[in-house]
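Being a predicted model, the structure only gives us computed values, none of them experimental. Below, chains carry the letters A, B, ... as their sequence lines are ordered, and counting in each starts from 1.
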Protein chains: 2
Amino acid sequence: MSQDPEDVAVLPPPRRPGATSADVARLAGVSRSTVSHILNGQVTRFAEETVGRVRDAAARLGYVPSAAGRSLVLGRSDLVVLAVPNTTLTNVQDIIEAIAADLDDLGYSVVVHFDRGGGAAANLARLQHVVDTLRPAGIVDLGSLSLRDLDTLEEQGCPILSPRPRHVRGVDEGNLAIARTQAEHLIDRGYTALAYAFLVDHRDDPFGRMRAAVVADVCAEAGLPAPTAISVPLDAAGAQTALCDLLRARGRPVGIACSNDEVGLAVSFAALALRAAVPGDVGVIGVGGGSVGQLVAPRLSTITFDVRASVGTIRRGVAAARGGVAEDDDPTLSPEIFLVLQGETT
Amino acid sequence: MSQDPEDVAVLPPPRRPGATSADVARLAGVSRSTVSHILNGQVTRFAEETVGRVRDAAARLGYVPSAAGRSLVLGRSDLVVLAVPNTTLTNVQDIIEAIAADLDDLGYSVVVHFDRGGGAAANLARLQHVVDTLRPAGIVDLGSLSLRDLDTLEEQGCPILSPRPRHVRGVDEGNLAIARTQAEHLIDRGYTALAYAFLVDHRDDPFGRMRAAVVADVCAEAGLPAPTAISVPLDAAGAQTALCDLLRARGRPVGIACSNDEVGLAVSFAALALRAAVPGDVGVIGVGGGSVGQLVAPRLSTITFDVRASVGTIRRGVAAARGGVAEDDDPTLSPEIFLVLQGETT
DNA sequence: TTGTAAGCGTTATCAG
DNA sequence: CTGATAACGCTTACAA
């Protein structure tokens, strides 16, 4: 209830939170538009002294433009939605981190969107809602979306920043390369009976299904019998059961392509526990190239994957979207970024 | 230019992208404010028929309120910033996913903010900028921020959704419990010489430092010599070198508390490679309870950590922040969520 | 070189 | 029960 006039006079002094462009304008003795122009790089053709005053005032007030206001008038935000699939790829954390760092440098914030149970349609619907609401500057898809989905999104004015995978018979190049490399490696090492090991419990794993199909193709090409699919849980007992069934069905030796490194470890140690020779009776190759596989004995053979290379592709996508430049040259993942890391399990 | 009046009548037909509340209002034959009220649950005291018409129109147009507009008028967005530390905790991916799912259900989107090199101050500055720009509905801190930082942020009107860790001599309860459990377990198993194994290369790992300090405290309490700190890289050769040095300095047996499960694996397999007995000459315990540690032989002893429990705490924080209710009862991580998972390395 | 004014889509307040 | 109207903070023609 104090009616001291000073209360009123004291209220609007430099307070960090919530300084608006109007405040900056007032302090600098210019208009809001001038502030906006100058702070958005339209520095040329403004009196040097004005630029100084504005920048100074902004700094003094700790002025940060509100994303809301910006987004409203621009029609899109400075957010990028990262669509993360329910995949068995091991590196997701690193990938997210790398992408976030990259986009952060460019002034974007990353909104994560994980696939969840409920099926592809439900996940797409959730994504769509996020896109409608947030009007993001773009989407980076880690494999959650089909080409159709990507097209739809793009038609709605939401740029796709990740490279559009080139599908061959429903399998994108990356998974094709991975699975083919796995299968060929196993065959090279002398295995004539192959199997594909899914990670159990990941209810929807499109990547896994694609890769299993590719392994089957490679077998067919090589005149080998079709691979057996097994589901491996990430516990020792369950893995042993799964492997036991496989050995009973296919005999030995058998080469097993695994959906990721953890499954690879589960399989190789299960084999050892069952007194099978690794390699020899059982050959195992994973995907991911994470460190764990290389720490244990026997070291896991695996497919390495250059995170930074694929992230670089995305960075280029962003640049393209900003500059309005059409995606130039080759936005494809070059196949040679998938390499066999020879361990002791094949 | 065609002047067919139908052109005008035909223009506003149901087009998905960019329907505004004005469009809905027009189609429903009401005003924008009515639309807003009804769509925000103020259904009571509106003519049932009006409610129907509005909902119908909204559905028909695929109307989704713009986050930008909302944020602008509300002064805060429906985003939640997730501050992720540069920690050695293994589960980060799962934690992020769980939190994102939780917040998604509540209508929030998650913006990830990873700590990066450059020091705590730089990271805080980046975070601060994000907060200023986005005016998020809240922050979930996974351990990146100090109590001071949290207070500052909250003063600026950004609710802290994660439980504020209770620090005892600079160490929060969680890390205290983890490290203490590790140390006491090793001592229980008969080790009288202890060591703490950091993950090398994680330039800033506040968690690791805290835990090493706690292990030292426990040693002191038990009248044991101070633990030795070692830095373990995630490759076999490097880990062997590090362990070799340790054994030379401390002799055998030695019990090693590791900053995470991967380091634990590196240490145990390095010990085996050096022909040390595990357990016996070398005891190893990790943190994380991830599946990998339990897949290999010898199974890693570790500290398990109930992700869902801690996420539940955050959910309660959100509820509190929305309801405006003061955080009730006990927002603390109950200590008993950290349990020893007895493997074969201690 | 700088200022004026309009409008982005939403919500809150208050009047009818 | 419903509707004007006024912000919210920003950008951007266009005018001076």
Of the candidate nucleotides [options], which contains the atom at the shortest distance from the side chain of [X]?
X: A:R70; options: D:dT2, C:dT10, D:dT11; value: D:dT11
X: A:L74; options: C:dT1, D:dT11, D:dC10; value: D:dT11
X: B:L72; options: D:dC8, D:dT12, C:dC8; value: D:dC8

Check: A:R32 side chain, A:S21 main-chain N or O, donor-acceptor pair, under 3.5 Å: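 Here the side-chain-to-backbone pair does not exist.
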From A:R135 atom CZ to A:L79 atom CG, the distance as rounded to the nearest 0.5 Å: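 Going from CZ on A:R135 over to CG on A:L79, the span is 13.0 Å.
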Distance check needed: [N] [atom2] versus [X] [atom1], whole Å only.
X: B:E49; N: D:dT2; atom1: CD; atom2: C1'; answer: 13 Å
X: B:L39; N: C:dA12; atom1: CG; atom2: C1'; answer: 16 Å
X: B:N40; N: C:dT11; atom1: CG; atom2: P; answer: 5 Å
X: B:D132; N: D:dG9; atom1: CG; atom2: P; answer: 14 Å
X: B:R26; N: C:dG9; atom1: CZ; atom2: P; answer: 11 Å
X: A:I38; N: C:dT2; atom1: CD1; atom2: C1'; answer: 9 Å

Pair listing, side-chain hydrogen bond (donor to acceptor under 3.5 Å, both in side chains) test, anchored in residues 137-148 of chain B, at least two apart: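 As it turns out, the side-chain hydrogen bond (donor to acceptor under 3.5 Å, both in side chains) pairs with a partner in residues 137-148 of chain B, which skip direct neighbours, are B:D115-B:S144, B:S146-B:D149.
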Look at all strands and tell whether [X] reaches a base, only sugar-phosphate, or nothing, counting heavy atoms closer than 4.0 Å.
X: A:A68; answer: nothing
X: B:S71; answer: nothing
X: A:S36; answer: base

Protein and nucleotides 4-7 of chain C: nitrogen or oxygen contacts under 3.5 angstrom:
residue: C:dT4; atom: O4; partner: A:S33; partner atom: OG; Å: 2.9

Salt bridge present between B:R26 and B:D23 (N-O < 4.0 angstrom):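 Result for this pair is yes, salt bridge flagged.
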